[in-house]
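Some notes on the structure that comes next.
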Amino acid sequence: MRKTNVKLFCRNLWDSLIALKSFYVLYLLFLFLTAYSAISSISNYTIQNSLREAHQIKARASWEANPDKHPHRMAHFGTFAFRISPPLSIFDNGIENYIGNTVFLEAHQQNSVNFSEATFSTGALRFGELSLAFLLQIILPLILFFIGFSAVAQDRENGTLKVLLSQGAQWKEILFGKTLGLFMVAQLFFLPVLLVVFLGLFVFSTVEMDVSLWMRIGLLCLCYLSFFFIVSALTIAVSARSKQAKNALLKLMGFWLFFVVFLPKSAQSLGNYFFPTPTKLTFNAAIEQEVIEKGDSHNPNDPHYNQLRDSVLAVHKVTKTADLPFNYSGFIMREGEKISSQLYRKHLKDLVAIYQSQNSVTKYSSLINPFTAIKELSICIAGTDFTTFLNFQDQADAYRYSLAQTMNELQMEFISPKRESGSEGKKHVIDHEHWEEFADFVHQPMPLSESLASAAFSLFSLLFWVFVALGILNTTAKTATAL
């Protein structure tokens, strides 16, 4: 294969596509969609994060404004944790609109994350939201199919292909050259998307451009470039295998429908069918039942806590809880919080395993669907996937647990042991300065290493498809005919 000929065919396809009036119509339409998506994504990102940060400040102010109070009442007063959208959500919002962003944190209760954008929508979100990633994953391949379907088939129809082969051109040179030509055209569409992402990050975002963010952007670029090469190679291969250009277009439209609509929907349906999830009522009831069986800290006659009380009294060599060197009620609340949290995390782990099993059907389908591979990779690297949401949920619950146990520790230390239970009145309180000593919740972004770990199989699938595309081009070069 001669590089000079490859470059010649690459340049030939480039020139022929750039000369088409329809190309400019498609390009202007794509630029319009890019501008619209960028404005809506950047606006939504800045507004939502500003609101969440402002509400986090208000929640903290409300917490600190509490007067002298019993620690257990403060544990039930609780606070809020707000999830901050990652910077690259302006490029790929993933499941951002369908997951909650606010959770109320209180003692003895693990509340769900609520107030997703989809819950306030009019139903338009069910059709999908136009994002920059959506343009590159769905719209751009369709454009490449439309402008590249005749790249080889038309040369066969008008006899040009026969002349090229008779003059010494090789099939491999033709196919690889035209693939690179179409791949270069794809960069014309990719470049404005990349520019508006940088514009959104540098101008409209207050986030620091650290090494991790630059690495995420670089990985996204490499993944999308690989995807464009796969799409370009498939387009040229189908065109080379088709006797007529119109047949190539029909085949490519069929591939697009199969990869974009049929396979993803089928994978989702199969995941839900094979791995059904329990209802929220069933999930909560199972936890409550285990708490009752293990030990209910609010039940004065609970066998577990009766035994615990007897053992504590024996260790301290006293006969009454009022004679203990700490507030026994706070000790019981601490033990109850520990038990309920452990049971909740166990059940949550089982529930998450079901969700991950559902998602694994889609993830493994990326091995036969490059469109799924790039979608999974994109949301993982952008930080808008299910794993990132779980990371926030874990952070919020860890903070909730720390808050509850800190209040229990304060009760044990500062509330008189003579006061065994109850938190009413003004006598059994502690100074409000303790509320300020407890740090505020700060949502930490998930490390890149964890994002890549969740995207490992999708990355493998995309690389696999790059080699499949190369293999298809080589096979086509050996079997294709001029007529």
Side-chain angles (χ1 to χ4, degrees), residues 1 6 92 94 133-134 136-138 140-142 144-145 148 171-172 175-180 182-184 186-187 190 215-241 251-252 254-268 270-271 274 356-382 384-387 448-480:
M1 188 168 61
V6 172
D92 192 339
F134 179 86
L136 297 181
Q137 295 169 13
I138 307 300
L140 182 52
L142 194 59
L144 294 178
F145 286 164
W171 266 111
K172 187 174 290 188
L175 296 180
F176 276 88
K178 290 183 178 291
T179 296
L180 291 177
L182 190 60
F183 175 74
M184 295 301 295
Q187 310 317 305
F190 183 47
M215 290 181 66
R216 287 179 183 271
I217 295 173
L219 285 170
L220 280 173
C221 289
L222 290 175
C223 290
Y224 275 96
L225 290 176
S226 300
F227 176 66
F228 298 149
F229 174 78
I230 293 168
V231 173
S232 301
L234 291 177
T235 304
I236 300 302
V238 169
S239 182
R241 289 174 177 270
K251 292 176 184 177
L252 290 170
F255 283 139
W256 186 84
L257 289 172
F258 180 74
F259 285 137
V260 173
V261 180
F262 179 77
L263 271 181
K265 294 297 181 183
S266 298
Q268 291 174 6
L270 287 173
F274 287 113
Q356 290 175 334
S357 296
Q358 291 178 346
N359 294 336
S360 67
V361 178
T362 298
K363 180 175 68 174
Y364 292 137
S365 71
S366 63
L367 203 58
I368 58 173
N369 187 357
F371 287 78
T372 298
I374 188 61
K375 182 179 180 180
E376 292 290 314
L377 270 173
S378 184
I379 62 175
C380 285
I381 297 174
T384 55
D385 61 325
F386 182 60
T387 304
L448 177 59
S449 58
E450 294 184 25
S451 297
L452 291 179
S454 63
F457 188 84
S458 299
L459 181 60
F460 169 78
S461 297
L462 190 68
L463 293 174
F464 169 75
W465 266 97
V466 170
F467 287 105
V468 168
L470 292 171
I472 290 174
L473 289 177
N474 279 313
T475 303
T476 304
K478 294 176 182 179
T479 59

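A quick note: this is a predicted structure, and the numbers were derived from the prediction, not measured. Values reported hereafter were calculated over all heavy atoms of this structure, with side chains retained and with hydrogens, waters and symmetry mates removed.
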Hey, does Phe274 have a side-chain heavy atom less than 4.5 Å from the side chain of Val361? no

How long is the straight-line distance from OG1 of Thr179 back to CG of Leu234, given to the nearest 0.5 Å? 9.0 Å

List the atom of Leu175, the atom of Ala240, and the distance in Å for their closest heavy-atom pair. CD2-CB, 3.6 Å

Could you walk me through whether Thr476 and Trp171 pass the side-chain contact (heavy atoms from CB on, under 4.5 Å) test, one step at a time? CA-CA 8 Å; Thr476 304; Trp171 266 111; 5.8 Å; no

List the steps, then state whether side-chain contact (heavy atoms from CB on, under 4.5 Å) holds for Asn474 with Phe176. CA-CA 9 Å; Asn474 279 313; Phe176 276 88; 4.0 Å; yes

Supply the atom-to-atom distance Lys172 NZ to Leu473 CG, rounded to the nearest 0.5 angstrom. 9.5 Å

Heavy-atom nearest pair, Asp385 first then Cys380, reads OD2-SG, 3.5 Å

Might you point out which heavy atoms bring Lys251 and Val238 nearest each other, and give the distance in Å? CB-CG1, 3.8 Å

Got Val260 and Gln137 here, is their nearest side-chain heavy-atom distance under 4.5 Å? no

Within this structure, what is the CG-CG distance for the pair Leu219 and Leu459, rounded to the nearest 0.5 Å? 8.0 Å

Could you check if a side-chain atom of Phe227 sits within less than 4.5 angstrom of a side-chain atom of Pro141, using non-hydrogen atoms only? yes

Can you give me the closest heavy-atom contact between Ile368 and Phe259, atom names plus distance? O-CE2, 3.4 Å

Is the backbone of Val261 close enough, under 3.5 Å, to the side chain of Trp256 for a donor and an acceptor to pair up by distance? no

Check: Ile236 main-chain N/O paired with Ser239 side-chain donor or acceptor under 3.5 Å: no

Atom CG in Leu257, atom CZ in Phe262: separation rounded to 0.5 Å? 11.5 Å

Show me the donor-acceptor pairs, under 3.5 Å and distance only, between side chains in residues 370-379 and residues at least two apart or in other chains.
from, atom 1, to, atom 2, distance (Å)
Thr372, OG1, Asn369, ND2, 3.0
Ser378, OG, Asp92, OD2, 2.5
Ser378, OG, Tyr224, OH, 2.8

For residues Pro264 and Phe258, report the shortest heavy-atom separation together with the two atoms involved. CD-O, 4.2 Å

Atom OG in Ser458, atom CG in Leu452: separation rounded to 0.5 Å? 11.5 Å

Does Thr387 form a side-chain contact (heavy atoms from CB on, under 4.5 Å) with Glu450? I'd like the steps, not just the answer. CA-CA 9 Å; Thr387 304; Glu450 294 184 25; 5.9 Å; no

Measure across Val231 and Phe145 and return the closest heavy-atom pair with its distance rounded to 0.1 Å. CG1-CE2, 3.8 Å

Does Phe255 CZ have over 12 foreign heavy atoms under 6.0 Å away? no

Can any side-chain N or O of Ser366 pair as donor or acceptor with the backbone N or O of Lys363 at less than 3.5 Å? yes

Straight-line distance of Ser226 OG to Phe183 CZ, nearest 0.5 Å: 7.5 Å

